[in-house]
Amino acid sequence: MKNPILENVRRSLEKEGDPSLPQRPAIFPSRKLESSEQEIDNFINEVKALSGSTQKLKPEDVTVALQTLVVENRINKAAMWKTPSIHELGVEQCLKKLGVEIVSPTANKYELSTCDLGITEADAILPETGTLVLSSSNEMPRAVSLLPRIHLAIVRPEILRADLHEVFAEAKQRNYLVLITGPSRTADIELTVTLGVHGPKELHVWMMV
Amino acid sequence: MSGAAPKYIGFEAYTERIPSGIPKAVQQATGRFAGGRALRVSELPQWEQLRQIASDIRMHTIRNMDVYLSRLEESVRAAGGHVHWAGTAEDARQIVLKIAREHNVKLAVKAKSMATEEIDLNHALETAGVETLETDLGEYIIQLDGTGPSHIIVPAVHKTKEEIAALFHEKLGIDAPPDPNELTRIARETLRQKFLDADMGISGANFLVAETGTLVMVSNEGNGRMVTTLPDLHVAVAGIDKVVPDWESLTVFLKLLARSATGQKLSTYTQFITGPRQTENEFGPKEFHLVLLDNGRSEILKDPIGRQVFKCIRCGACANTCPVYQNVGGFAYGWFISGPIGAIFAPQMLGTPTARELPFASTLCGACAEVCPVKIPIPEILRHLRRRVAQGDETINTTMPFYIRAAAKIGATVLSREWMYGSGTTILHFFMRFFTHHNQISNAPYPFSRWTKVRPLPAFASGFRKWFRKQKDFFKETVE
């Protein structure tokens, strides 16, 4: 069936019958990653500048860090991604011991909305902007990083990427991707920046070193 | 005010009716964002190169829009999404209404989308019995308020926190203290329930990637994510000019967009949505519909100068830097799109009879062209549109009142014939002597009285050409 809008576009561009497509202009080349330590620090500084809370942790420190997080923020309910790393760190058991109710990440949206804490990993992190790159799947549902008021992302140096060129090259065939750069914010009321409008109010990033 | 296409935009008249608090509020916003932008630009030594590359990619896309739109449609369908083509605003409204009816939609939540304002979608949905809520905090506030946006990025910046608290009290029945954090918390809680209950999420698109059929959406608040993640149905409305070739080109636009708009390095959330959800438990819509809107764009593509307006990535930097916009804000532009980009978009979309004042709503200072991340030559397009208004062209007859055309013709005739100019000025000098007292002209006849009423003119000396002829010998010496 003919498409009158496309026909009109072709006519306006004087391209009737010409399906050829010249090469798209070239793009700026990628930047190169600096040393791992430098990039980790770059990333951490950017997240801090966005009012995110970050720390470098060894796996054995996770239990204490979780305890502090739960107590300071009065966490009653939490949901987390079902990934191998989160499983190995023993996050679920630790939280249960602290008396936190664990909600399945695939629970319905009303239940997930009552969670105080959502724990995820990331597919990639970008040091220039302090950005987390998250994809989506049955084990890594989108709502876990969106609905709870605190989002905790556990990341590793191996997922550092130089810039968006690299991220896109790896991820463009995915059906969903979100770049998270800091907690939810607005300046709509008298230009005063307030956090936690609809998305998480707090973003915590733990760098496992 | 934003919404149904206006019959006539009386820019000059509107500027005289702007409430007194507007210019100050707008200037605080524009100052903040322009300052933020300047800082970010200074951080990137390759800024000018990026602008040029972005401009080239956008022009390439415009010139080949038919091929990219075809690809986009294929890719979206391959990803399991539905594509609808809307020739006019009414077509688009009917398409969305049909989708809403078929899915028995009672409640719809909207992320900020200029395309939906262009087609006045909210009104159509409400009339059809669908409760339609704006969820962007600024848009939510002005929706409750029933007024229009004063600024593109922060539409409610003209409202004080006291006014917003009163508004929440009146419209939501909630006792709200005039504190931005508390007001934000109230909005969060009130809208949270709506997000969860909504049958349909409506959004626009910042970019549509032809390569994979991906919809790119940026937001800071998270409402964009809510609207496209929680309801089972997602409908996106976007102009055909939003298409971009591929993911690689996005790397350039995303580097420029947030920095130009608010001075952030990146917006808080940037989503890349390709079709409906693929698995049962990951959240996201079961059905994805993309409505591609023409509404006059395919006609504008005929004009090689005017079609550069489609390079726009909606950052708002032009408005933040414009001396006119800084003093009048969004209200005066009479339609959903304001500032310098509005002044070149509206006359082309609505036609010059409706929007003929807008190309003149500018001092042609060129500040906008300097900050535009995709190098749209806004002053050039403004002059092109002014010519269209004054003289007409292939698309339109002139709409200038006859007395201005007559005066312009007389002026052009006199200035191009030396004997006319010479004798004209001599006659003028002769008559002006009658109005010159004490070396001043303070009481000239109409139309010069419009000047001398306020400030006297100095008396005319002898004519410049006469004076120059006397200096001839002096100049002869220095030249030789």
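- Looking at heavy atoms from C-beta onward, Asp66(B) lies in side-chain contact with Leu13(A) at the 4.5 angstrom threshold.
- The closest side-chain heavy-atom distance from Thr181(A) to Ser267(B) is not below 4.5 Å.
- Using a 4.5 Å cut-off between heavy atoms, Pro155(B) contacts chain A through both its backbone and its side chain.
- In this structure the side chain of Arg277(B) reaches within 4.5 angstrom of the side chain of Arg142(A), judged on heavy atoms.
- With values rounded to the nearest 0.5 angstrom, His198(A) atom NE2 is found 9.0 Å from Thr184(B) atom OG1.
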Go through the steps to decide whether His165(A) and Trp247(B) satisfy the test side-chain contact (heavy atoms from CB on, under 4.5 Å), and finish with yes or no.
CA-CA 8 Å; His165(A) 293 271; Trp247(B) 285 68; over 6 Å; no

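- With values rounded to the nearest 0.5 angstrom, Ser12(A) atom OG is found 13.5 Å from Arg297(B) atom CZ.
- What you find for Arg192(B) and Leu147(A) is that their closest heavy atoms are NH1-O, 2.9 Å.
- Per-residue heavy-atom pair counts under 4.5 Å with chain A were compared for Thr135(B), Ile57(B), Ile153(B), Thr212(B), and the maximum is reached by Ile57(B).
- Looking only at atom types and distance, the side chain of Tyr176(A) has no donor-acceptor partner in the side chain of Glu282(B) under 3.5 Å away.
- By the 6.0 Å contact criterion, NZ on Lys265(B) is enclosed, its count of non-hydrogen atoms from other residues, nucleotides or ligands being greater than 12.
- Heavy-atom distances place the side chain of Phe33(B), and not its backbone, under 4.5 Å from chain A.
- When side chains are defined from C-beta on, Leu112(A) counts as touching Phe283(B), because their heavy atoms get closer than 4.5 Å.
- Interface check for chain A: of the options Ala187(B), Pro180(B), Gly284(B), Ala86(B), the most heavy-atom pairs under 4.5 Å are formed by Pro180(B).
- Proximity to chain A is limited to the side chain of Asp246(B), based on heavy atoms less than 4.5 angstrom apart.
- Within the 4.5 angstrom heavy-atom criterion, no atom of Thr262(B) approaches chain A.
- Atom CD1 of Ile27(A) is separated from atom OG of Ser249(B) by 5.5 Å, given to the nearest 0.5 angstrom.
- With chain A as partner, the option from Glu299(B), Met59(B), Met65(B), Lys159(B) having the largest number of non-hydrogen pairs under 4.5 angstrom is Glu299(B).
- Contact annotation for Leu254(B): only side-chain heavy atoms (C-beta onward) come within less than 4.5 Å of a heavy atom of chain A.
- Of the two parts of Arg58(B), neither the backbone nor the side chain holds a non-hydrogen atom closer than 4.5 Å to a non-hydrogen atom of chain A.
- Here the side chains of Arg188(B) and Arg149(A) are in contact, with some heavy-atom distance below 4.5 Å.
- Proximity to chain A (any heavy atom under 4.5 Å) is restricted, for Glu211(B), to the side chain, taken from C-beta onward.
- Neither the backbone nor the side chain of Ile300(B) comes within less than 4.5 Å of any heavy atom of chain A.
- In this structure, the side-chain contact (heavy atoms from CB on, under 4.5 Å) partners of Gln28(B), at least two apart in sequence or on a different chain, are Leu191(A).
- Lys255(B) is not listed as a side-chain neighbour of Leu164(A), based on a closest heavy-atom distance of 4.5 Å or more.
- For the residue pair Asn175(A)/Thr274(B), the side-chain donor-acceptor check at 3.5 Å is not satisfied.
- Note: Met226(B) leads Arg307(B), Glu189(B), Met226(B) in heavy-atom pairs under 4.5 Å with chain A.
- Using a 4.5 Å heavy-atom cutoff, the side chains of Arg71(B) and Leu21(A) are in contact.
- If you measure heavy-atom distances from Pro22(A) to chain B, the contacts under 4.5 Å come from both the backbone and the side chain.
- Using a 4.5 Å cut-off between heavy atoms, Ser135(A) makes no contact with chain B at all.
- A distance of 4.5 Å separates CG in Leu183(B) from CD1 in Ile189(A), rounded to the nearest 0.5 Å.
- The CG atom of Leu301(B) lies 12.5 Å from the CZ atom of Arg10(A); values are rounded to the nearest 0.5 Å.
- In this structure, Glu163(B) CD and Glu190(A) CD are separated by 9.0 Å, a value rounded to the nearest 0.5 Å.
- Considering only heavy atoms from C-beta on, Lys201(A) stays 4.5 Å or farther from Arg185(B) through its side chain.
- Under 3.5 Å, the side chains of Ser298(B) and Arg11(A) contain no donor-acceptor pair of N or O atoms.
- In plain terms, the two heavy atoms of Pro200(A) and Tyr269(B) that are nearest each other are CD-OH, 3.4 Å.
- Contacts with chain B (heavy atom to heavy atom, under 4.5 Å) involve these residues of residues 116-130 of chain A, listed by number: Glu128(A), Thr129(A).
- Looking at Thr229(B), the atoms closer than 4.5 Å to chain A (heavy atoms on both sides) all sit in the side chain, from C-beta outward.
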Assess whether side-chain contact (heavy atoms from CB on, under 4.5 Å) is satisfied between Leu179(A) and Phe272(B), documenting all intermediate values.
CA-CA 9 Å; Leu179(A) 306 181; Phe272(B) 303 82; 3.7 Å; yes

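- Ion pairing between Glu248(B) and Lys172(A) fails under the 4.0 Å rule for side-chain N and carboxylate O.
- The greatest number of non-hydrogen atom pairs below 4.5 Å with chain A, out of Ala29(B), Ser219(B), Gly224(B), is found for Ala29(B).
- If you measure heavy-atom distances from Ala26(A) to chain B, the contacts under 4.5 Å come from the backbone alone.
- Between chain A and the residues Leu137(B), Asp294(B), Asn181(B), Ile273(B), the largest count of heavy-atom pairs under 4.5 Å involves Leu137(B).
- Nearest heavy-atom pair, Arg225(B) versus Ser145(A), reported as atom, atom and distance to 0.1 Å: NH2-OG, 2.7 Å.
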